[in-house]
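Worksheet: the structure to be examined is printed underneath.
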Protein chains: 2
Amino acid sequence: MRLTESEWQIMNALWKNHPATAREVADELPDDVDWAYTTIKTMLTRLAAKNAVKEHKRGNMSVYEPLVTREQARRKALRSFLDQAFDGAVGPFLHFLAADKKLTPKQRQQLKQALREEESKSRGKK
Amino acid sequence: MRLTESEWQIMNALWKNHPATAREVADELPDDVDWAYTTIKTMLTRLAAKNAVKEHKRGNMSVYEPLVTREQARRKALRSFLDQAFDGAVGPFLHFLAADKKLTPKQRQQLKQALREEESKSRGKK
DNA sequence: GAAAACCTACTACAACTGTAGAAGTATGTC
DNA sequence: GACATACTTCTACAGTTGTAGTAGGTTTTC
């Protein structure tokens, strides 16, 4: 279940605040996304068809709820990205990432910190 | 200039070995990609239209050459991914990545190592 | 209770994607 | 030189995506 670019916009809005009506989703969309109300409805309907969201009727109105978590969607997207751009190989990707000139020292620091946290977490479990 | 999934296949093949004829590209494609020769030609033509590859005539035949590097394409793709799934924020992504349960200890090690290398490299430049 | 404002479902439609066939032309082979 | 091969360009066509209009029902508002 792959999200298209527009679908990500909708889902991002929905993850921020849900359950939500189409109108509420519209309000959460970034300012530069200026879609007709019916466009948003169309998107939500398509997302429901894909089982990415659940549509409930509340009175005469529809309220939407994500069926996939942001985590899950991110994981999927990362996987696709890795498959496409790195033949699915994590190692080369990590190198690519670490070598990224645009990473600030702070971000590098952050990444290392995150890794340390994870390490101690998994040590704890062992 | 965004590559579609099929276009990545073609480009991956072309990066592996170029300049290459359509036939050679076909040979480099993964085994599970079994496209008609004309499909590959179509893709290459479309990629040329997008300026992702350059088509040269060699005699009556076409030879293709990437115009974007794999690096560049990867960077673009990473950027799109980050924008979509993380609002473009690198920090949260790094956390997400470091927290990935599927990272093996070895990969974590690798990532840290890569970071260290980068650090000393940039220290050297300073 | 008629008008305004909103909602829903359905339809539309062009651009892009994935995938390839057809027809024509050049090349290698006996 | 006729036949098989291989290449090229053009055309095709269904499915997906981005984006929205229209028509008809419902709720709110003087």
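Bear in mind that the values here come from a model prediction, so they are computed numbers and not experimental data. Naming convention: chains lettered A, B, ... in sequence-line order (proteins, then strands); numbering from 1 in each chain. Reckoned from all heavy atoms, side chains included, excluding hydrogens, waters and symmetry mates.
- The one candidate from B:Lys50, B:Arg2, B:Arg46 that meets the salt bridge (charged side-chain N to carboxylate O under 4.0 Å, His left out) condition with B:Glu7 is B:Lys50.
- Here B:Tyr37 sits alone; no ILVMFWY side chain lies under 4.5 Å from its own, so it joins no hydrophobic cluster.
- Across the protein-nucleic acid pair, B:Gln9 atom CD and C:dA20 atom C1' stand 17 Å apart, rounded to whole Å.
- Protein atom CG of B:Leu47 is 13 Å distant from nucleotide atom C1' of C:dG18, rounded to whole Å.
- The ring pair (Phe, Tyr, Trp, His ring centres under 6.0 Å) pairs that include a residue from residues 71-92 of chain B are A:Phe81-B:Phe81, B:Phe81-B:Phe86, B:Phe81-B:Phe93, B:Phe86-B:Phe93, B:Phe86-B:Phe96, where partners are two or more places apart or lie in different chains.
- Through ILVMFWY side-chain contacts below 4.5 Å, B:Met61 is grouped with nothing and stands alone.
- Rounded to an integer number of Å, the gap from CG of A:Leu29 to P of D:dT19 is 12 Å.
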Would you be so kind as to tabulate the donor-acceptor pairs closer than 3.5 Å made by side chains of residues 63-74 of chain A, with sequence neighbours excluded?
{"unit_1": "A:Tyr64", "atom_1": "OH", "unit_2": "A:Lys41", "atom_2": "NZ", "d": "2.8"}
{"unit_1": "A:Tyr64", "atom_1": "OH", "unit_2": "A:Glu55", "atom_2": "OE2", "d": "3.4"}
{"unit_1": "A:Glu65", "atom_1": "OE2", "unit_2": "A:His18", "atom_2": "ND1", "d": "2.9"}
{"unit_1": "A:Thr69", "atom_1": "OG1", "unit_2": "A:Gln72", "atom_2": "N", "d": "3.0"}
{"unit_1": "A:Arg70", "atom_1": "NE", "unit_2": "A:Asn12", "atom_2": "OD1", "d": "3.4"}
{"unit_1": "A:Arg70", "atom_1": "NH2", "unit_2": "A:Asn12", "atom_2": "OD1", "d": "3.1"}
{"unit_1": "A:Glu71", "atom_1": "OE1", "unit_2": "A:Arg75", "atom_2": "NH2", "d": "2.9"}
{"unit_1": "A:Gln72", "atom_1": "OE1", "unit_2": "A:Thr69", "atom_2": "N", "d": "2.8"}
{"unit_1": "A:Arg74", "atom_1": "NE", "unit_2": "B:Ala85", "atom_2": "O", "d": "2.8"}
{"unit_1": "A:Arg74", "atom_1": "NH2", "unit_2": "B:Ala85", "atom_2": "O", "d": "3.0"}

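- Between the CD1 atom of B:Ile40 and the P atom of D:dA6 there is a distance of 14 Å, rounded to whole Å.
- B:Asp32 places its CG atom 16 Å from the C1' atom of C:dT19, with the value rounded to the nearest Å.
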B/S/- along nucleotides 3-17 of chain C (protein heavy atoms under 4.0 Å) is ----SBB--B----S
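- Residue pairs that meet the salt bridge (Lys or Arg N to Asp or Glu O under 4.0 Å) test with at least one member in residues 9-21 of chain A, sequence neighbours left out, do not exist here.
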